[in-house]
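Note on naming: letters A, B, ... go to the chains in the order of the sequence lines (proteins, then strands), and numbering restarts at 1 for each one.
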Amino acid sequence: MEIPFAPLAPSGVLSLMPTLFCGQCFRWRETEPGLFAGCSGTSPALIRQTENGVEISSAAPPAYWRRYFDLDTDYPAILRSFTGRHPFTEAALSYGAGLRVLRQEPWEALCSFLVSQCNHIGRIRQILDDLCRLFGKTYSWGGQVFFAFPSPTTLAALSLDDLAPLRAGYRAKYLLSAARHVADNPDFFSELAALPLKEARAAISALPGVGVKVADCFLLFGLHKLDAFPVDTWMKKAASYYDPPLSADAFGPYAGIAQQYIFYYIRSIESAGKGQSRW
DNA sequence: TGCCAGGCCGAAA
DNA sequence: TTTCGGCATGGC
């Protein structure tokens with residue numbers, strides 16, 4: 001049976017490859033060239049990039065995915081505010097054209113970056129896929145099987161032994177403590193979202209395994225606080241690519257967006273140097 | 001075999 | 001306040 005696709009974004013507005021594979025999320029996969037399968041919340045979707053733009057097939061209403069891809073935020077205006085900062089930034093903005101910072105489910109984003117610490121992209125994806133396959137609800141759409149991200153309540157009821165098959169190492173205990181905290185405080189994320197960046201950062205940093213890096217990644221990718229700026233050792237290592245060093249001060253309230261374009265660009269340079277294919 | 005990976009934690013200086 | 005070893009795991 002033919003799968004119905006509906007227009008989501010016109011050409012030039014949203015580019016799926018940089019958006020889904022820039023390191024802000026880990027569970028989308030490209031099932032065939034230009035076609036991507038993934039799940040947000042309880043909503044599986046197939047999304048494809050065509051010459052006319054992006055089209056989507058999902059049971060969830062278009063408004064859900066418009067919000068997920070942040071299509072009601074004026075990215076051209078934001079990106080214009082970055083012009084003139086530095087030639088390296090200009091190159092990054094050009095390279096990642098169409099990249100948008102997703103409005104992911106906060107719980108999934110928190111878990112994703114707890115798992116990400118001191119880990120490879122491939123293993124992050126593997127661990128999160130296994131987590132969903134083992135403990136998430138199953139959905140089918142378009143002839144494909146999808147696994148939703150398990151809820152905090154579901155994970156809170158598990159033990160370290162239950163998580164052992166994930167091979168997540170010391171990160172497993174961070175997942176469990178976060179799950180138990182959120183399960184005990186159902187309004188945790190909505191309360192954090194209402195706080196200013198500094199206070200929200202302090203609150204999320206109180207969880208075990210959440211340091212400066214995980215906190216800022218969560219604030220940017222989970223709570224869509226666009227001024228969060230997840231500088232990390234990797235970014236510092238890459239400082240040789242730009243002078244003066246990258247600073248959140250240079251990008252104002254949208255430092256997180258600028259950072260992500262630059263991060264994506266640097267990753268491409270590093271991968272090319274190693275002779276690796278797209279990550 | 002050794003190093004590294006979108007780090008964090010706790011102890012020591 | 002900064003520095004540093006340990007922490008789990010697996011790919012290269």
Side-chain angles (χ1 to χ4, degrees), chain A residues 17-28 92 95-96 99 101-102 104 106 108-131 134 158-179 181 201-242 245-248 251 255-279:
Chain A
M17 187 60 75
T19 297
L20 300 179
F21 298 96
C22 68
Q24 64 175 322
C25 60
F26 301 95
R27 295 220 301 129
W28 288 89
Y95 178 78
L99 187 163
V101 174
L102 301 171
Q104 301 181 61
E108 177 171 346
L110 175 59
C111 292
S112 296
F113 286 95
L114 282 172
V115 168
S116 79
Q117 64 180 265
C118 204
N119 216 341
H120 296 273
I121 296 284
R123 281 198 68 231
I124 297 168
R125 297 175 64 89
Q126 184 64 57
I127 290 170
L128 293 173
D129 280 347
D130 287 344
L131 179 70
L134 290 174
L158 301 177
S159 67
L160 284 176
D161 284 343
D162 293 325
L163 296 187
L166 303 179
R167 310 296 292 168
Y170 58 84
R171 308 167 192 86
K173 61 180 181 291
Y174 298 149
L175 292 176
L176 284 190
S177 60
H181 181 82
R201 180 184 290 131
I204 195 64
S205 298
L207 296 183
V210 179
V212 290
K213 169 64 185 311
V214 174
D216 267 0
C217 284
F218 164 74
L219 292 166
L220 175 58
F221 303 125
L223 293 187
H224 209 252
K225 291 187 179 296
L226 300 180
D227 46 346
F229 190 80
V231 173
D232 62 311
T233 54
W234 199 96
M235 291 290 285
K236 292 174 183 172
K237 183 183 73 174
S240 60
Y241 293 113
Y242 44 81
L246 184 61
S247 167
F251 301 105
I257 294 179
Q259 181 274 160
Q260 195 58 15
Y261 272 82
I262 293 167
F263 176 82
Y264 181 59
Y265 183 48
I266 292 174
R267 285 296 304 239
S268 76
I269 296 172
E270 297 275 307
S271 296
K274 295 176 182 175
Q276 295 177 342
S277 60
R278 184 174 62 213
W279 53 278

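Taking the six-membered ring where the residue is Trp, A/Tyr95 and A/Tyr264 present tilted rings, their angle falling between 30° and 60°.
In terms of phosphate contacts, A/Lys173 brings no side-chain nitrogen or oxygen within less than 4.0 Å of OP1 or OP2 of C/dC7.
Counting to the nearest Å, the P atom of C/dG10 and the CG atom of A/Leu166 are 11 Å from each other. What separates CZ of A/Phe26 from P of B/dA5 is a distance of 15 Å, to the nearest Å. Going from atom CG of A/Leu131 over to atom P of C/dT9 covers 16 Å, rounded to whole Å. Rounded to a whole Å, the CG atom of A/Asp216 is 15 Å from the C1' atom of B/dC8. The CZ atom of A/Arg267 sits 15 Å away from the P atom of B/dC4 (whole-angstrom rounding). Summarising the geometry, the separation between NZ on A/Lys213 and P on B/dC9 is reported as 14 Å, rounded to the nearest angstrom. A/Asn119 places its CG atom 16 Å from the P atom of B/dC4, with the value rounded to the nearest Å. If you measure from atom CD1 of A/Ile124 to atom C1' of B/dG7, you get 11 Å, rounded to the nearest angstrom.
For A/Tyr170 and B/dG7, a side-chain-to-base donor-acceptor distance below 3.5 Å is present, hydrogens and geometry of angles not being considered. Taking 3.5 Å as the limit, the base of C/dG11 and the side chain of A/His120 contain no donor-acceptor pair of atoms between them. Residue side chain A/Arg171 reaches the base of C/dA8 through a donor-acceptor N/O pair under 3.5 Å, judged by distance alone. Side chain A/Gln259 to base B/dG6: a donor-acceptor pair is found below 3.5 Å. The base of B/dG6 does not come close enough to the side chain of A/Glu270 for any donor and acceptor atom to sit less than 3.5 Å apart.
At a threshold of 4.0 angstrom between heavy atoms, the contacts of A/Arg123 include nucleobase atoms, whether or not backbone atoms are also involved.
B/dG6 sits 23 Å from C/dG6 when the P atoms are compared, rounded to a whole Å. Across the C1' atoms, C/dG11 and B/dC8 are found 22 Å apart, a figure rounded to whole Å. On the P atoms, B/dC3 is 13 Å away from C/dG5, given to the nearest whole Å.
Of all nucleotides present, only C/dT1 satisfies the Watson-Crick or G-U wobble test against B/dA13, with each distance under 3.5 Å. The base-pairing partner of C/dG10, taking Watson-Crick or G-U wobble contacts with both distances under 3.5 Å, is B/dC4.
Between the side chain of A/Arg201 and the backbone N or O of A/Leu219, no donor-acceptor pair lies under 3.5 Å. With hydrogens and angles ignored, the 3.5 Å screen pairs a side-chain donor or acceptor of A/Arg125 with a backbone N or O of A/Trp28. A donor-acceptor distance shorter than 3.5 angstrom exists from the side chain of A/Gln104 to the backbone of A/Gln24, with no hydrogens or angles considered. A donor-acceptor pair under 3.5 Å is formed between the side chain of A/Gln260 and the backbone N or O of A/Cys22.
The side chain of A/Arg167 sits closest to C/dG10 out of B/dA5, B/dC9, C/dG10. Between C/dT9, C/dA8, B/dC8, one nucleotide has an atom nearer to the side chain of A/Val212 than all others, and that is B/dC8.
Judged by distance alone, the side chains of A/Asn119 and A/Ser116 never bring a donor and an acceptor atom under 3.5 Å apart.
When each of A/Pro208 and A/Gly122 is assigned the nucleotide of DNA chain B bearing its nearest heavy atom, the one mapping closer to the 5' terminus is A/Gly122.
Both geometric conditions, a ring-centre gap below 5.5 Å and a plane tilt below 30°, are not fulfilled together for A/Phe113 over the base of B/dG6.
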